[in-house]
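Only one structure is covered here, and it is reproduced in the block below.
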Amino acid sequence: MITAHTPADWPTTESEARAVQDALRGRLILDEAGPRPGTGRVTGVDVAYDDERDLVVAAAVVLDASLETVEEATAVGRVSFRYVPGLLAFRELPTVLAALGSLRSDPGLVVCDGYGLAHPRRFGLAGHLGVLTGLPSIGVAKNPFTFLHQDPDRRRGAVSPLLDGTEEVGRAVRTQDGVKPVFVSVGHRIDLDNACEHTLRLAPRHRLPETTRRADALCRRALAGLPS
DNA sequence: GCGACAG
DNA sequence: ATCTTGTCGC
């Protein structure tokens, strides 16, 4: 496990953070189809917190096309930004980038726990990570945030648009029969159809994609194993 | 001003 | 996110 250092120019205040989002949003690439599901590697990232000590542990888990784990990395950092809805990236990204950066493998598509385009300023965690790394990325969230959607048909594979007014910012995707959908949005260098196909393929047996499940398990394990 | 609000 | 007992089901 490596140690993450927050960049010196990382925003400190909420207004600075919003300004960064507004400045970087234009660097999103949204006209690429993206990697085809079932080809190449996919990497899941997630974080776990120790509120007492203000620590955050990030994990990155690389899967191959058959969903076998091929590499894992973790990083520990200091929490440098409080949780503010819409500004999640500023809390998680420095440590996530450190974990991603310590991988020897090419990450391929990065799957984030949160949003991409489905964001008040269209620049959630997944898009931010994509712009900073240049990697294709998607966001798969467990909640619809403030966006509206119809409940998809009860069977696996059913989808319905996630709407901000009339704009489709993502999709509710049912990954297992009868279970609550997940909320998929585009991050960087991939289209929404492809993002949803990847999500379904990554979730053959559980509600959440294997990328998220394995990254979540790894960062919790790493946090628990940290010296007191 | 008040409530809602990814993780 | 995290705090937490029991409970239902494969």
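For the numbers below, each heavy atom of this structure counts, side chains included, while hydrogens, waters and symmetry mates do not. Keep in mind that what you see is a predicted model, and the values were worked out from it rather than measured. The sequence lines fix the lettering, A, B, ..., with proteins before strands; numbering per chain opens at 1.
Taking 4.0 angstrom as the limit, A:N143 places a side-chain polar atom (N or O) nearer than this to OP1 or OP2 of B:dG7. OP1 or OP2 of B:dG7 has at least one side-chain nitrogen or oxygen of A:K142 nearer than 4.0 Å. Proximity of A:R220 to the phosphate of C:dT2: a side-chain N or O atom is located under 4.0 Å from OP1 or OP2.
A:R171 has a carboxylate O that lies under 4.0 Å from a charged side-chain N of A:D193, or vice versa, which qualifies the two as a salt bridge. Under a 4.0 Å N-O distance rule, the pair A:E197/A:R36 qualifies as a salt bridge. Using a 4.0 Å cut-off between a side-chain N of Lys or Arg and a carboxylate O of Asp or Glu, A:D216 and A:R220 qualify as a salt bridge.
Stretches of at least 3 consecutive Watson-Crick or G-U wobble pairs, with each checked distance under 3.5 Å, do not appear in DNA chain C at all.
Contacts of A:A48 with the nucleic acid, taken as non-hydrogen atoms under 4.0 Å apart, involve only primed sugar atoms and P, OP1 or OP2. Counting any heavy atom pair closer than 4.0 Å across all strands shown, A:L162 reaches no nucleic acid atom. Counting any heavy atom pair closer than 4.0 Å across all strands shown, A:G86 reaches a base atom. Backbone-only engagement by A:Y49 is indicated by non-hydrogen atom pairs under 4.0 Å involving sugar-phosphate atoms exclusively.
Atom CD1 of A:I138 and atom C1' of B:dA6 are 15 Å apart (whole Å). Computed from coordinates, the A:D164 CG to B:dA6 P distance equals 15 Å when rounded to whole Å. The CD atom of A:E92 sits 10 Å away from the P atom of C:dT2 (whole-angstrom rounding). The interatomic distance linking A:Y115 (OH) with B:dA4 (P) rounds to 17 Å, in whole Å. Rounded to whole Å, the distance from NE2 on A:H206 to P on C:dC10 is 15 Å. Rounded to whole angstrom, the span from the CZ atom of A:R205 across to the C1' atom of C:dC10 amounts to 9 Å. In this structure, A:L55 atom CG and C:dT2 atom P are separated by 13 Å, rounded to whole Å. If you take NE2 of A:H149 and C1' of B:dA6, they are 13 Å apart, rounded to a whole angstrom.
Side-chain contact, A:E92 with A:Y49: a donor N or O sits under 3.5 Å from an acceptor N or O.
Stacking annotation: A:Y83 is not stacked on the base of C:dA1 (requires ring centroids less than 5.5 angstrom apart and an interplanar angle below 30 degrees).
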Start with the C-alpha distance between A:R213 and A:D46, add both sets of side-chain angles, then the distance that settles salt bridge (Lys or Arg N to Asp or Glu O under 4.0 Å), and finish with yes or no. CA-CA 9 Å; A:R213 289 169 44 80; A:D46 195 15; over 6 Å; no

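Both A:V45 and A:Y83 sit in one connected hydrophobic cluster of ILVMFWY residues. Membership requires side-chain heavy atoms under 4.5 Å apart, directly or through other members.
For A:R41 (side chain) and A:L63 (main-chain N/O), no donor-acceptor pair under 3.5 Å exists by modelled atom type.
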